[in-house]
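Contents: one structure, followed by commentary.
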Amino acid sequence: MRRLALLLLLLGPLPLRAQSLDVVPDQLKANVGDVLTMHLTVRLPEGQQLLDLAPRTLLPPPEGMRIVGVDTLRRVRGGEYRGDVRMAFYRIGKQPVPTLALLYRPAATAPADTLVHAPLAIEIEPVLPPGNQEIKDIRPLVLLGGPILIPLLVLLALVGGGFYWLWRRSRPASAAPAARPAETIPAGPFDTALARLAALEAASLASGNGIVPLFDEVAGLVRTTLVEVGALPHDGLTTPEVAPHLPAPLTAGGLGRRCEDLLGDADLVKFARVRPDREAATAHVGRARRLLEAWRDAAGGTDAVR
């Protein structure tokens with residue numbers, strides 16, 4: 001009996017199973033803008049309680065990445081919970097995964113504590129090889145001719161037309177109003193977007209160095225127009241998230257794919273540091289104009305599509 005007690009003292013207390021939060025990505029390398037899924041597994045010993053069922057970031061996410069979706073953790077057995085977090089990265093190189101955290105209670109009478117996972121990084125690769133690559137379907141540079149006076153006159157004409165339209169709307173109605181001709185009905189969101197697109201192009205031509213900002217402005221115009229017609233809930237969706245939200249009239253005949261390609265080219269200029277030339281910018285604006293016109297025709301000229 002004395003020998004058994006001595007043996008137990010030498011062995012010491014057996015180690016207790018500790019709580020843990022494991023995060024395993026579905027892939028360790030991805031391209032710019034790809035949506036990655038992080039698989040979460042939480043293990044708690046008996047007597048401990050998980051207070052959070054939705055993971056949150058310990059610190060605000062850094063610039064250049066976005067949390068796309070967070071699943072509610074589900075209990076699979078005993079003290080084990082599982083769930084997924086989806087995120088996208090827009091900067092190349094080795095990018096740290098934001099630290100995810102969960103609140104738990106170590107014991108019934110103990111205060112709440114925070115459970116975090118080990119540091120994790122993802123290798124983000126550019127879509128195009130290094131160097132000044134041409135955007136797909138873009139022809140080589142051809143300088144645009146003509147003096148700067150022409151785009152300036154176009155811009156002044158658009159501004160004057162806008163003031164005239166506002167003046168016509170503010171005029172008081174007469175005692176016996178005549179039937180308003182069809183062409184005086186205010187244009188819908190797509191017509192307004194086409195006018196704003198022409199103004200953006202003219203301003204870019206006048207500035208002489210507005211090629212890179214033009215790509216981001218055109219993408220923002222397309223997103224805003226889709227929000228105005230009710231096709232998107234807000235303009236903060238990533239490029240892969242836009243097409244699934246579009247209603248059937250705006251995706252028929254390949255329109256959804258054209259929209260995704262247009263926004264994807266803008267992402268390359270903004271995040272992958274692709275530097276297009278003036279001909280590329282002109283072609284980009286032309287694609288946006290044809291897309292807006294096709295959407296306007298598909299919507300039947302109404303102000304909303306759903």
Side-chain angles (χ1 to χ4, degrees), residues 26 30-38 40 52-57 59-74 83-91 97-98 100 186-197 200 213-272 284-285 287-306:
D26 56 357
N31 291 330
V32 172
D34 286 351
V35 177
L36 301 175
T37 300
M38 306 291 172
L40 276 65
D52 278 341
L53 291 180
R56 53 185 173 80
T57 55
L59 297 174
E63 294 184 1
M65 71 84 55
R66 182 192 298 269
I67 302 294
V68 177
V70 177
D71 291 347
T72 301
L73 297 179
R74 61 190 183 279
D84 293 335
V85 175
R86 292 170 294 281
M87 55 186 66
F89 296 84
Y90 300 98
R91 291 182 177 176
V97 175
L100 301 174
F190 291 118
D191 288 327
T192 303
L194 288 169
R196 290 167 57 195
L197 180 65
L200 289 176
L214 180 62
F215 276 75
D216 189 43
E217 291 169 350
V218 170
L221 173 62
V222 170
R223 294 176 186 271
T224 302
T225 303
L226 291 174
V227 172
E228 291 176 354
V229 300
L232 296 181
H234 56 82
D235 59 0
L237 297 179
T238 63
T239 296
E241 295 175 317
V242 170
H245 280 80
L246 296 180
L250 301 189
T251 59
L255 293 179
R257 180 61 182 174
R258 287 165 59 184
C259 173
E260 187 173 357
D261 290 343
L262 187 76
L263 298 179
D265 288 345
D267 288 343
L268 292 178
V269 174
K270 184 176 182 180
F271 299 112
H284 186 72
V285 172
R287 291 163 58 199
R289 181 180 294 109
R290 291 189 293 273
L291 179 61
L292 290 170
E293 291 172 347
W295 278 344
R296 179 190 59 189
D297 297 340
T302 59
D303 286 351
V305 295
R306 65 176 182 183

Worked verdict on E241 versus V68 for side chain to side chain contact (heavy atoms under 4.5 Å, CB included): CA-CA 9 Å; E241 295 175 317; V68 177; 2.8 Å; yes
Atom [atom1] of [X] and atom [atom2] of [Y]: how far apart are they, to the nearest 0.5 Å?
X: D26; Y: R86; atom1: CG; atom2: CZ; answer: 10.5 Å
X: L226; Y: H234; atom1: CG; atom2: NE2; answer: 13.0 Å
X: K270; Y: D265; atom1: NZ; atom2: CG; answer: 14.5 Å
X: L221; Y: D216; atom1: CG; atom2: CG; answer: 11.5 Å

Residue pair D84 / T37, side-chain donor-acceptor N/O under 3.5 Å: no
Going through the distances and angles, do V85 and D71 end up as a side chain to side chain contact (heavy atoms under 4.5 Å, CB included)? CA-CA 6 Å; V85 175; D71 291 347; over 6 Å; no
Short side-chain to backbone donor-acceptor contact, T251 and A248, under 3.5 Å: yes
Any sub-3.5 Å donor-acceptor pair from R258's side-chain atoms to G253's backbone N or O? no
Would you indicate whether the side-chain heavy atoms of [Y] and [X] approach each other to under 4.5 Å?
X: T238; Y: Y90; answer: yes
X: V32; Y: D267; answer: no
X: L214; Y: V285; answer: yes
X: R56; Y: L100; answer: no
X: H284; Y: F215; answer: yes

Heavy-atom pair of closest approach, residues [X] and [Y]:
X: P98; Y: M87; value: CD-SD, 4.1 Å
X: V242; Y: C259; value: CG1-SG, 4.1 Å
X: L40; Y: M38; value: CD1-O, 3.4 Å
X: P233; Y: L237; value: CD-CD1, 4.0 Å
X: R223; Y: D235; value: CD-O, 3.8 Å
X: P249; Y: A298; value: O-CB, 3.3 Å

Aromatic rings W295 and F190: how do their planes relate, parallel, tilted or perpendicular, breaks at 30° and 60°? tilted
The test is side chain to side chain contact (heavy atoms under 4.5 Å, CB included); show your working for T224 and V227 and say whether it passes. CA-CA 5 Å; T224 302; V227 172; 5.6 Å; no
By side chain to side chain donor-acceptor pair (under 3.5 Å) - contacts of E293 (at least two apart): none
The single option from L291, L246, L250 passing side-chain contact (heavy atoms from CB on, under 4.5 Å) against L255: L291
Between R74 and L53, does the side chain to side chain contact (heavy atoms under 4.5 Å, CB included) criterion hold? Intermediate values first, please. CA-CA 8 Å; R74 61 190 183 279; L53 291 180; over 6 Å; no
Before accepting this row, confirm whether a basic side-chain N of the pair D261/R287 lies closer than 4.0 Å to the acidic partner's carboxylate O. no
